[in-house]
Number of protein chains: 2
Amino acid sequence: MEPIGVFKALSNETRLRILKWLKEPEKHFPKQGAHLPKEVNYKGGVCVGDIQEKANVSQSTVSHYLNMMQKAGLLESVRHGQWTYYRRNEEVIQQLAEYLKTEI
Amino acid sequence: MEPIGVFKALSNETRLRILKWLKEPEKHFPKQGAHLPKEVNYKGGVCVGDIQEKANVSQSTVSHYLNMMQKAGLLESVRHGQWTYYRRNEEVIQQLAEYLKTEI
DNA sequence: TTGACATATCGAATATAATCGATATAATGT
DNA sequence: ACATTATATCGATTATATTCGATATGTCAA
C-alpha cells in the first residue's frame, strides 16, 4: 500500500463517489445483471459502462479513473468476455484505515 | 471536514512527513525551545523555520504547505511574536479516520 | 526609528492532473 | 470473415499543483 498514490486517487470527487457506490453496488447499480453471465454477480463487481453512465464523464475518463484506482490498490478487476468488472479491494481499504490510525 | 481537500493535502511526500513529525515534535525537533517564550512549549507547536530546515524546501514552499494543511484542517497555528507555531489538529485527524472507516 | 529576523504573499516557470475525442484492441453474434 | 459492442489506449488541450526567488509585512531590540 503506497499511501501517496492512494490519497491522490481519493483526491477527486468523481473517483470518491465511484468508490462509495461500489460499497453497495446493488443499491447504486440496480439494472446490473441484464448482461451478466450467470457465474458473475455483484460480488464480481460492476462493469465500466454502468459506472460511466452514473458518473457522467466520458468513457475514456472513467476507464482512466478505474485504472488509476486499481493501480493505487483501491479497486480490483475481473474480465468476463467483453466486460471488465471492477469491485473494491476491501483489504487495501482496510489497510488504509489502519495506516491512518497508526501512522498519521 | 472537507475530505477532498484533506486528501489533496496528504498527497505529497513532504507534507505527509511534516504531519508525521508533528505527531512527536520533541523527537523530531529536539533543538526546539531555544527561542521559545516561556509560555510556549511543544504543545504550542513548532515554528516554521524549524520545519523548513528539516523539510529541506524553500521558505516560501514550506509556508505554502503549512497554510494549505491548515486550510484543509489538518493543522492549526498560533502566533507568538514573530514566530508562527504549527501543530496538528487532532480532532480533524480523528474525524478523517472516522470518515474513512464509515463512509469510504 | 532603524535594522535584523521570521513569516507571508506575489509572480513566474515548470510539472503533473483532468478530460476529451479519436482510434486501437478484444470479444460476440451473424 | 464481418459488424457490433465494451473497454483500453493515444494524443492533445486545458486546468491545477509544485516550487522557487523576490518582495512585503509584522515584530523585536538597540
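Below, chains carry the letters A, B, ... as their sequence lines are ordered, and counting in each starts from 1. Everything numeric in this text was worked out from a predicted model, so none of it was measured.
When each of A/Trp83, A/Tyr86, A/Phe29 is checked for a side chain to side chain contact (heavy atoms under 4.5 Å, CB included) with A/Val46, only A/Phe29 meets the rule. Between A/Glu90 and the choices A/Arg88, A/Arg87, A/Gln94, the side-chain hydrogen bond (donor to acceptor under 3.5 Å, both in side chains) rule is met once, by A/Arg88.
Relative ring orientation between A/His28 and A/Trp21 is described as tilted, the plane-to-plane angle lying within the 30° to 60° band.
Straight-line distance from the NE2 atom of A/His64 to the C1' atom of D/dA8: 12 Å, rounded to whole Å. Whole-Å rounding puts the B/His80 NE2 to D/dT27 C1' distance at 14 Å. Between A/Lys71 atom NZ and D/dA8 atom C1' the separation is 11 Å, expressed in whole Å. The separation between A/Glu13 atom CD and C/dA18 atom P is 13 Å, rounded to whole Å. Put simply, CG on A/Asp50 is 14 Å from C1' on D/dT5, counting in whole angstrom units. Computed from coordinates, the B/Arg79 CZ to D/dC28 C1' distance equals 12 Å when rounded to whole Å. Atoms CG (B/Leu66) and P (C/dA6) sit 16 Å apart, rounded to a whole Å.
Within residues 52-63 of chain A, the residues approaching DNA chain C are A/Val57, A/Ser58, A/Ser60, A/Thr61, by heavy-atom distance under 4.0 Å.
By the rule that hydrophobic residues join a cluster once side-chain heavy atoms approach within less than 4.5 Å of another member, B/Val48 and B/Met68 end up as members of separate clusters.
Nearer the 5' end of DNA chain D, as judged by each residue's closest nucleotide, is the contact made by A/Gln82, out of A/Gln82 and A/Asn67. The nearest heavy atom of DNA chain C to A/Arg15 and to B/Tyr86 marks one nucleotide each, and the one closer to the 5' end goes with B/Tyr86.
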